[in-house]
There are 2 protein chains.
Amino acid sequence: MKRKIASSKLRSAAFTRTRADHSAELAHDYCELIAELIDEKGEARGTDIALRLGVSNATVAKTMKRFSDQGLVEQEPYRAIFLTADGWKLAEDGRRKHAIVEQFLLALGISSKVAQVDAEGIEHHVSDETLKAMARFLARN
Amino acid sequence: MKRKIASSKLRSAAFTRTRADHSAELAHDYCELIAELIDEKGEARGTDIALRLGVSNATVAKTMKRFSDQGLVEQEPYRAIFLTADGWKLAEDGRRKHAIVEQFLLALGISSKVAQVDAEGIEHHVSDETLKAMARFLARN
DNA sequence: CAGAAAGTTTAGCTAGTGCTAAACTTTTGC
DNA sequence: GCAAAAGTTTAGCACTAGCTAAACTTTCTG
Ligand SMILES: [Mn+2]
Ligand SMILES: [Mn+2]
Ligand SMILES: [Mn+2]
Ligand SMILES: [Mn+2]
């Protein structure tokens, strides 16, 4: 009995972590993308975010309102979107992770297009331990 | 101009694929888990699924109704859940992927607990090309 | 075999993430 | 400087995925 309960707890921990990863995922991707646009053009407009994300303008607007309530972004009506300090933190963290995962996939021999696509999803499910192992692998190759 | 549009298309393809991965994810995990329980105990009961997934019974019941409409599972009222042929296909596919990803992480030097957790999320975002590369890496080590 | 325990279903709620269409504002180009 | 184009916001819809609480059915146990 004890054993059964314990093993279910272990099993469910993985699913629970994956669900947690998913709720953080969108914020990471948005902040990373907004940072990218600010670097490129000095500001991040809703249209550009929508275009790169592959969603509608309306979806971006609604999400930006939510993230603004959460203190990740700042925006004046009808103006471009900027990151708060918290937003920049997510963006930088996301970039670092993203780069390591993508470089790792490339080092593994994956084509650059596929590495880019796979990294976009994998990056959110990689623990610190795994990220470090990927970085180590990269250093050794 | 042309260049800008093309590069946004490439960028958005990654996000679009990740969103598609996410909508398939739950079905994969449920079918895999149901298969596991059937192997272990001969049937998959709602409570056991809920326990291993870390969600409530009610969530499982609702999801099972949806999956039954989609032809992935079969169930009589107040009885355990079984997989259709389509459900088995998802389960087998998921198991194969899951095993390769987890083994790969272990081969990379990740601890078994973390490998188990990370694999649960990563498995859904790994393309065929990457899966093959992981299998190749495994064979070589 | 009756009552308790275990398991299942249903109802009703919340929140997130997407969409289109329409209204509104800002920017651009003549 | 005005009209058209571009961009933004809002409203309203749909679906997914979670929850608790209550009603119901099945199984277990004394
Ligand atoms: Mn991503
Ligand atoms: Mn999984
Ligand atoms: Mn799995
Ligand atoms: Mn994911």
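Each chain gets a letter, A, B and so on, in the order the sequences are listed, and its residues count up from 1. Here the structure is a predicted model, which is why all the values come from computation and not from measurement.
- Among all heavy-atom pairs drawn from A:Ala119 and A:Leu105, the shortest one is N-CD1, 3.9 Å.
- Distance CD (A:Glu25) to C1' (C:dG18): 15 Å, rounded to an integer number of Å.
- B:Asp86 is linked by a salt bridge (charged side-chain N to carboxylate O under 4.0 Å, His left out) to nothing, counting only residues two or more places apart in sequence or in another chain.
- Listed by residue number, the members of residues 76-89 of chain A with any heavy atom below 4.0 angstrom from DNA chain D are A:Pro77, A:Tyr78.
- In this structure A:Glu123 satisfies the salt bridge (charged side-chain N to carboxylate O under 4.0 Å, His left out) test with no other residue, sequence neighbours excluded.
- Rounded to the nearest 0.5 Å, atoms CG (B:Leu108) and CZ (A:Phe137) are 7.0 Å apart.
- Checked against the 6.0 Å centroid criterion, the rings of B:His28 and B:His98 do not qualify as a close aromatic pair.
- For residues 55-64 of chain A, proximity to DNA chain C is found at A:Val55, A:Ser56, A:Ala58, A:Thr59, A:Lys62, defined as any non-hydrogen atom under 4.0 angstrom from a strand atom.
- In this view, A:His124 satisfies the ring pair (Phe, Tyr, Trp, His ring centres under 6.0 Å) rule with no residue, not counting sequence neighbours.
- Taking every heavy atom of both residues into account, B:Leu51 and A:Ser8 meet most closely at CD2-OG, 3.6 Å.
- B:Leu131 and B:Lys97 get closest at one heavy-atom pair: CD2-CG, 3.7 Å.
- In 5' to 3' order, the nucleotides of DNA chain D bounding all contacts with chain A (an atom under 4.0 Å from a heavy atom) are D:dG7 to D:dG18.
- Checking B:Asp48 against A:Ser23, the closest nucleotide of DNA chain C that is more toward the 5' end is the one next to B:Asp48.
- Atom P of nucleotide C:dT17 and atom CZ of A:Arg19 are separated by 15 Å, given to the nearest angstrom.
- Backbone-only contact: B:Gln75 has heavy atoms under 4.0 Å from sugar-phosphate atoms and none from a base.
- A salt bridge links B:Arg96 with B:Asp93; the closest basic N to acidic carboxylate O contact falls under 4.0 Å.
- We find the CG-NZ distance between A:Leu83 and A:Lys89 to be 13.0 Å, quoted to the nearest 0.5 Å.
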